[in-house]
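My structure is below; once you've seen it, I'll send some questions.
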Amino acid sequence: MNSTPAAKLSRRARSLWQRAAAFLRRKVLFRYRLVLITLVLLAVGICAGAVWGPPGWFPPSAVILTVLAGGLLLKRKSLAFLLGVVAVALVATALALDFGQVGPGLAVTIGVAGVLAYLLSGVRERLGVQGFGGEKMLLELRDRLRAQGRLPDLPQGWGAGAVLRQAGGSSFGGDFLLSRLHEGRLDLALVDVSGKGVDAGTRALLLSGAFSGMLGAVPSERFLAYCNDHLVRTAEGEGFVTAAHLSIDLETGDYLITSAGHPPAVQFDNGAGQWSTTDAKGVVLGVIPEMTYTPVEGRLRPGDAIMLYTDGLIETPGEDLDAGVDRLLGAAEGMVAQGSLQGFRKGIERIVDTLGKGGNDDTALVVIWRS
């Protein structure tokens, strides 16, 4: 028997509904169904309260909170469903209230919030994290980077201090410090990734882990060569990196220093009462394969100190770097003007405050001294 047109239409409608329900279960409500259902109920409840609830208790503009929460907590498909529900609920509310509380201004505001929430949800979906997981992950990475650069407690007769400030007050930047104390030897690496602030922060995070694994695990005179080989293999075309590596025997005061395109380290000679630059030089990392870096030997006697820093401390556009180094040497004289090496720690802060260009560039300064 042939089905009537009404029966055919009913079966077709039922089939479409089943497909739509299956799509919602599979694509939209799969992982975040509870959050989505909660936000949908809130949006509908706010709009229903605006129509039938006490006046002023349920302003329709409050649905913007559900939109923002969806941007933080939902994936894009789930968020799109929520935005559709919010749009329908607002239209129904506007018709019920004769557009008394839902005007063009509110519609534009919620529309802009929806676009921003959708973009935010897309970024979080690409990262594979929803909610505040991304921010928590970044905080953990920042703390680990800072922990890697924290100077160890040195034996009696030695002191150390460091200041690292990122451009714009950011938590991430292109300058980072690595340190390791092992069997009476202190190894330090001060690294400057091209760029500044957050732009250089991602590369700094990657390189800090790789360089930290090599620090103290490879011969001191070969550390920068290993770093250069790593960059040549893995970071072609991503910009250059400068670095200085210092290895000190804390029993004798003998040290080795190597440099890869880094500003020259400066040493304070307590006997002569003056600062002078060291001769360590080399090509920036990641440019020339199989590059070798020749270490410069020296010794820190009681009362001596050595200083490492990045170009953010001395560089001024249109000015020769030597002029910046001269300013640094002049500022460093103030740290020992009173003849007390205990003033080094406070002097480091003063130098960065004086020469740091107001936070417009990543800046790092490290001083090791022997009392």
Report yes if the side chains of Asp362 and Thr310 come closer than 4.5 Å at any heavy-atom pair, otherwise no.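 No. Closest side-chain heavy atoms not under 4.5 Å.
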In terms of ring plane angle, is the pair Phe211 and Phe176 parallel, tilted or perpendicular, where the classes change at 30° and 60°?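 Rings of Phe211 and Phe176: tilted, 30 to 60°.
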Taking ILVMFWY side chains as joined if any heavy atoms are under 4.5 angstrom apart, and letting links pass through other members, which residues group with Val88?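 Taking Ile, Leu, Val, Met, Phe, Trp and Tyr as members, Val88 stands alone, with no cluster partners.
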Quick one: does Thr66's side chain have a donor or acceptor within less than 3.5 Å of a partner on Val63's backbone?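 Yes.
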ring-ring contact (aromatic ring centres under 6.0 Å, His included) involving Phe223 - partner list, sequence neighbours excluded: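 Per chain and number, Phe223 pairs via ring-ring contact (aromatic ring centres under 6.0 Å, His included) with His245.
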Return a table of donor-acceptor pairs under 3.5 angstrom between the side chains of residues 277-293 and protein atoms on other chains or two or more places apart.
| residue | atom | partner | partner atom | Å |
| --- | --- | --- | --- | --- |
| Thr278 | OG1 | Ala265 | O | 3.1 |
| Tyr293 | OH | Val283 | O | 2.9 |

Just by distance, do the side chain of Asp304 and the backbone of Asn270 share a donor-acceptor pair under 3.5 Å?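 Pair found, side chain donor or acceptor close to backbone of Asn270.
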Contacts of Asp254 that satisfy salt bridge (charged side-chain N to carboxylate O under 4.0 Å, His left out) - sequence neighbours left out: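 Listed in chain order: Arg299.
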Please evaluate residues Met307 and Ile348 with respect to the criterion side chain to side chain contact (heavy atoms under 4.5 Å, CB included), reporting the C-alpha separation (whole Å), side-chain torsions for both, the decisive distance (0.1 Å), and the verdict. CA-CA 10 Å; Met307 181 186 299; Ile348 297 171; over 6 Å; no
Candidates Val67, Leu39, Leu73 - the one meeting side chain to side chain contact (heavy atoms under 4.5 Å, CB included) with Leu82: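 With Leu82 as partner, side chain to side chain contact (heavy atoms under 4.5 Å, CB included) holds for just one option, Leu39.
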I need the single residue from Ile368, Leu151, Asp249 that forms a side chain to side chain contact (heavy atoms under 4.5 Å, CB included) with Leu186. Which is it?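 Single pass found, and it is Ile368.
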Between Ile248 and Leu188, is there a side-chain heavy-atom distance shorter than 4.5 Å?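 No, their side chains stay 4.5 Å or more apart.
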Does a side-chain heavy-atom distance below 4.5 Å link Val325 with Tyr309?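 The answer is yes; the side chains approach within 4.5 Å.
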Taking transitive links into account, so neighbours of neighbours count too, which hydrophobic residues share a cluster with Leu256 at under 4.5 Å side-chain distance?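 None, because no other hydrophobic side chain comes under 4.5 Å of this residue.
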Applying salt bridge (charged side-chain N to carboxylate O under 4.0 Å, His left out), can you list everything that pairs with Glu349, at least two apart in sequence or on another chain?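 Per chain and number, Glu349 pairs via salt bridge (charged side-chain N to carboxylate O under 4.0 Å, His left out) with Arg165.
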